[in-house]
Amino acid sequence: MGKLSVEALDVAKKTVLLRVDFNVPLENGAVADDTRIRAALPTIQYLTQAKAKVVLVSHLGRPKGSPKPELTLRPVAERLAELLEAPVAFCSQTVGQEAVEHAGKLPPGGVLLLENVRFYPEEEKNDPEFAASLARLAECFVSDAFGTVHRAHASTTGVAAHFPQAACGFLIARELEFLGQTLSRPKRPFVAVLGGAKVSDKIGVIQALLKRADTLLIGGAMAYTFLKAQGNPIGDSLLDAEHIDLAKTLLADAPRMGKSILMPIDHRVASEISPDASAEVCGRDIPDGKIGLDIGPKTALSYAQSIKRAKLIVWNGPMGMFELPAFEEGTMTVAEAMAESGGTTIIGGGDSVAAVNKAGLADRISHISTGGGASLKFLEGQKLPGIEALTDA
Ligand code: ADP
Ligand code: MG
């Protein structure tokens, strides 16, 4: 699983093409949240200090293969320059003569950001000619865009083959180290906490984690499909009717595999979903006319105890509709238990990460994965083309 690290490359005075994930939210032409830019700083700064000439390539949004002025990376170059406290050159082309000239003008330790690579339809098609023209800009390739490694695009995958060695940056190395633990020789007890809105989004992960974890704690809207599969009344809660049979199969498989799947024994419910809805607590069965919107206090306590006893915990998907204060309790209790657990704690998924940030507990979690889709695919045990393309350590 180990991939060649950027530290193993001889980069002094060489031009390095670094694929980063600068897919940040923009507001009024400025960067609204620079988390992803900051996440790339360790690798960028390592390279500039090693006197490499750093050429950065990234996508931003979904321009669908043609230039969209509102999706230019120019504001990102400005923000990056502030964070680095150093100039960052910008090229309004991603490949071609102008890009070659810009890259050629870089001094050792200099940084250049190329325009949004998805302005070119060839990028998402992993076009070999386009990958070759990206490769012509540099002598070494480093990938640190974990969020896009599950996509076989020219700048994440195709380009790597044009270099004798393709290395990973610090962000990807960290993802491989932490997520890798869940696949090979996990510390036990290994508890997986799964929630979120739809069973369909998470089938692969549930199946994969059932094989590897000792206990699955199910919450969020997903829990109602499992409860329904067991024959429990779920009132008007969200149901993924197509997946009731799958839930039945998983529930039947678990004991045969020596695993346990735990489900809510109580809930916070409301008659309607609205910002000022107040929560009522009910037992395992949800009455007609009520919607389950969070796990109840007994469930939260029992899940927290499992989490605190575990040596490895992976969490994906909130326990309830935590965007509404009346239904955030279950998710917050799980977040606190993660922070207090002495085990290795890993969180993936945009909403789960948002919940932990909201609770102010992010710095007490062992690893917060930066790639939603990529981390789920990784946990499923699927091959990620952007990782496969890198040189083995
Ligand atoms: P992640 O982004 O962490 O992978 P998901 O996107 O799968 O998580 O799910 C998050 C969403 O699930 C949130 O918007 C949340 O409101 C919703 N959700 C959680 N529990 C419920 C529930 N009981 N009923 C309806 N929606 C829910
Ligand atoms: Mg989400």
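Computed over heavy atoms, backbone and side chain alike; hydrogens, waters and symmetry mates excluded. Indexing begins at 1, ligand by ligand and atom by atom, following the structure's order.
- Considering only heavy atoms from C-beta on, W315 comes within 4.5 Å of T331 through its side chain.
- Ionic pairing of E82 and R79 is present here: one or more N-O contacts between side-chain nitrogen and carboxylate oxygen are shorter than 4.0 angstrom.
- With respect to the salt-bridge test (charged N to carboxylate O, under 4.0 angstrom), the residues K3 and D392 qualify.
- Under the side-chain contact (heavy atoms from CB on, under 4.5 Å) rule, V269 has a single partner from D236, I286, D294, which is I286.
- Pairing each heavy atom of I346 with each of M338, the nearest pair is O-CE, 3.8 Å.
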Task: Steps toward salt bridge (Lys or Arg N to Asp or Glu O under 4.0 Å) verdict (D266, R284) - done: CA-CA 5 Å; D266 61 350; R284 192 176 58 181; over 6 Å; no
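- Between G220 and ligand 1, no pair of N/O atoms sits closer than 3.5 Å.
- When T344, I313, V314 are each tested for a side-chain contact (heavy atoms from CB on, under 4.5 Å) with T182, only one passes: V314.
- Remark: side-chain polar atoms of T15 are not paired, donor with acceptor, to backbone N or O of E139 under 3.5 angstrom.
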Cut-off 3.5 Å, no hydrogens considered: what does the side-chain donor-acceptor table look like for residues 128-137, sequence neighbours left out?
from: S133; atom 1: OG; to: E129; atom 2: O; distance (Å): 3.2
from: S133; atom 1: OG; to: F130; atom 2: O; distance (Å): 2.9

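- Of all protein N/O/S atoms, those lying under 2.8 Å from the Mg ion (ligand 2) come to 1.
- Ligand 1 has no nitrogen or oxygen under 3.5 angstrom from a nitrogen or oxygen of D294.
- The shortest N or O to N or O distance between G292 and ligand 1 is under 3.5 Å.
- Close N/O approach between G348 and ligand 1 is not found [any backbone or side-chain N/O within under 3.5 Å].
- Contacts of D201 with ligand 1, taken as heavy-atom pairs under 4.0 Å, are absent altogether.
- Within the 4.0 Å heavy-atom cutoff, K202 counts among the residues contacting ligand 1.
- Between Y120 and H153, the distance separating the two ring centers is not shorter than 6.0 angstrom.
- Which of R268, M222, H267, M321 comes nearest to atom 25 (C) of ligand 1 through a heavy atom is settled by distance: it is M321.
- With a 4.0 Å cut-off on non-hydrogen atoms, F327 does not touch ligand 1 at all.
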